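Everything quoted here is computed from the prediction, not taken from an experiment. Counting begins at 1 with the first residue of the sequence.
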Amino acid sequence: MKFRFDSLVVALILLPAFVGAAQAQEPAADPYQALAKWEFGQSRQPLAQIDDQIRKSTPADYKSIEAKLLDVLKSDGTPKDAKRYICRSLAVVGSADCVSAVAGLLSDADLSHPARMALEPLEHPAAAAALRDALTKLKGNLLLGVISSVAARRDAQAIEALRGLAGDSDVMIAGGAMTALGEIGTEEAGRTLRAIQPPAALARTHARAGIATANRLASAGAREAAAGMYQSLMQPQQSSAIRVAAWKGLLGTLPTADAVKRFVEVIQADDAALRTAALAAYGASSQRALQDAVAAELPAMKPAGQRLLLGILAGEADVVARSAVLRVVESSAEVDVRVAALECLALHGEAADVALVVKLAQSEPAVVAEAARRVLPRMGKPGVNEALVGMIESGQAGDRAVVLSALAARRVESALPTLARVVGGADAALATEAARALAVLGTSEQLGPLAAVLIRTDNAELRAAAAEAVRSICSRAEDKPSAAKPLLAALSQAPTPEARIVMLQQLAYTRGDEALNAVHQATQNTDAQIAEAAIRALIAWPEASAAPRLIALAKTTDKPSFAVLALRDGCLRLANQKDLPLAQRLSIYRNVLEVAQRPEEKRQAIAALADLPALGALELLQATARDTELNNDATAAIIRLARQLGAVYNRQALAALEEIKSQTASDEVKRQAEAAIKAVQNVGQSPDGFIVAWLLSRPCTQPGKSGPELFDVVFAAEESHGDAEWRPVTVPPGGKPGLVEMDKIFGGNDRVAYLKTQLAADREQDAVLELGSDDGIKVWLNGQVVHANNATRACSPGQDKVKVKLKQGANPLLMKITQGGGEWSACCRLVTPDGKPLDGVTVAPQGP
């Protein structure tokens, strides 16, 4: 007989607490006398003494403890709190002697539960009889509790009483009785349940009890009775969950051959709900032999059944299904069934099946070929990669194309040596496919063979594929100057102007001085076509180091179109790269303004300068504004830039705006200047305390480290004499409160940036920094770390609150913000300890 030991668990859990509470007190002379008067809230010392006795006693000694507890329990004056404790202790030391006294408590609403906890574990028949007797006397919740205890004891002698209670008008009582019958789980309990016609409100409870009974019967070896119970629960009126449970149980109860036969019949029948339940049970089954046997029947099934079973097998990696699936792939007359079987080969197919799938990828109908091409990159069994590599040089051109495409999709790096050899072979079609695969898989090691193809082949399709592969590899290469070396070697060996031109075109995707010098030198080539290719490569060069050469080209070329391209597509493109140092960007814009012959390029430079947060940009715009043709553009740019610089270069920004205001004849421009002046005069901190004027560092990274891993890496911005580059940044009004959005300023992942400003206090005072960050944040005040939270989160104002003390005078504030991916932002609000605006503090970053 199986029992619950809730009371024993409770007692063991409470023992340490009782003991601990008693350690600081003197032992009671007789803990049982003290127990007779004990109520909740009093010292637990006597309870702890009794617990200690029980713990140190052997079962042979329990009798004397039980007798003492029963004396207290039977006493008229014993409080209910003490009786609860006694019942829980009797769950450990009790015997048949305590049944009568404890059973008398079952009708007491305050003591019925502890009484049941004492009776449930007692193996003596008297305990079971007491609980059964209570079934006929109690009502409501007390009866429901006793029913649950009878269920816990799995008392078969209670079946008759439970039969009557299952028809009770109280659905809680009736449902509890049905559940108890399910827990008892004998054949008689099953017959009793099947005879019950439950009301609609209890149909699900009745069905769950039936499943429980069948499971008990199956575990006890009564398979025939269990199978009958399961089958009775497969009727259409049952819920899908019950039908699935019944099917799962039935499949485990029947002999394997009978279960397979029954399953195959059902999934080919017309009852859609039953099919669904059977398939779900099959997928959830732990009987591997049954699943394998069903899979073996796949080729003999009707197409409708095959479709259903293939859908399950496509997700069951451990089922032995490969042979059956292959037979369906090769023999089915139904296209959609063949497609479903091919999908199964992604999981079940082996290296020996690769040739077949490659063949099918070129077959008719097209839908089968497409399915085969989808499957090849997903076949996961050992040896598939090697099988594909072995077919690269197949005699069938169609095979080669499919194989190379699959290798690229699977990113099989072991194929690279073979691909590099094939790309230089005599078979141009095969070489073209190899080049296409290298575009996906290739590394810098394959650039040499690809470059050799580019300078030797006269096959246009192969040359295009090889060029695309070179561009793709160079774009992926971390060390682009090294990637340029095999291309430079090929450039020096190029036998024809066409070959030199194609190599110059590829060099534009590399970097480094050596490659740049080679491109620049080629701009002087006497062959006009080579020179033009070199000029276009120079214009497309990705590094700012090309800017001086582009400026020189714009000055010296006799082709105006080249001059425009050098400035517009070359210099201005480079200067617009936000990761470049501000000084370098400013220099390029200055040179463009000096060299450009057309106003279009000058206006582009002016527009870009309006967003370059450097004092030199403001000065350059002021000088440019003296040009009558460019005055309007430069004036608008000055007004825009002055707003951004005002927090740091307040004096210079105001002077520039006042000059515009005094000199312009346009009322609209004057109004814009006046608005900008007001904005510049009111910078640093918003009315509600958010800091809106900062100096922002350039992003800092370390190869191979994620944003969180950079949290404790010390960069120059943290060092007192660090050589960091800073730019002013002001949070515009009307947006998110105080939010500096670095993802919009810089973008990028796995990096950190720093924000700094200065808090000037007119007196020493306490304050709170209310911080928000996406992702992590570290804060220094007056050179000391006051907060660190290496979080990964979205930014919300006030996520972190830090109490600080501001000294009188300047208080430098520095924040480090990490970026893993996605949004990247931070905000800081300065308030009093009780959350009010802080008086006597001015916020203003100091110019870099």
Can any side-chain N or O of [X] pair as donor or acceptor with the backbone N or O of [Y] at less than 3.5 Å?
X    : Y    : result
Q819 : G822 : yes
E370 : A366 : no
Q291 : Y282 : yes
R411 : V440 : yes
T510 : L507 : yes
R568 : V564 : no
K480 : S475 : yes
R751 : G707 : no
R585 : A575 : yes
E461 : T432 : no

Are there more than 12 heavy atoms of other residues, nucleotides or ligands under 6.0 Å from atom [atom1] of [X]?
X    : atom1 : answer
Q493 : CD    : yes
Y509 : OH    : no
E445 : CD    : no
E413 : CD    : no
K485 : NZ    : no
R288 : CZ    : yes
E823 : CD    : no

Pick one: which of N790, T818, D712 meets side chain to side chain donor-acceptor pair (under 3.5 Å) with K778?
->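 The residue from N790, T818, D712 that satisfies side chain to side chain donor-acceptor pair (under 3.5 Å) with K778 turns out to be D712.
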Below 4.0 angstrom, N of the basic side chain to O of the carboxylate: do [X] and [Y] qualify?
X    : Y    : value
R463 : D458 : no
E334 : K302 : no
E468 : R436 : no
R793 : D775 : no
E343 : R374 : yes
R338 : E330 : no

Quick one: are [X] and [Y] in side-chain contact, heavy atoms under 4.5 Å?
X    : Y    : answer
V412 : L388 : no
W541 : L574 : no
C795 : L739 : yes
M301 : V264 : yes
T523 : L553 : no
V423 : L419 : no
V358 : L376 : yes

Reported [atom1]-to-[atom2] distance for the pair [X] and [Y], which is rounded to 0.5 angstrom:
X    : Y    : atom1 : atom2 : value
I392 : L407 : CD1   : CG    : 5.0 Å
S492 : M503 : OG    : CE    : 9.5 Å
L438 : L416 : CG    : CG    : 6.5 Å
D318 : D292 : CG    : CG    : 9.5 Å
I817 : F711 : CD1   : CZ    : 9.0 Å
L516 : S545 : CG    : OG    : 5.0 Å

Using 30° and 60° as the class limits, which term best fits the ring planes of Y754 and F715: parallel, tilted or perpendicular?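 Y754 and F715: perpendicular rings.
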side-chain hydrogen bond (donor to acceptor under 3.5 Å, both in side chains) between Q362 and D399, worked out = CA-CA 8 Å; Q362 307 161 63; D399 288 356; 2.5 Å; yes
Hydrogens and angles aside, do S405 and R373 bring a side-chain donor and acceptor to less than 3.5 Å of each other?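 No donor-acceptor contact under 3.5 Å links the two side chains.
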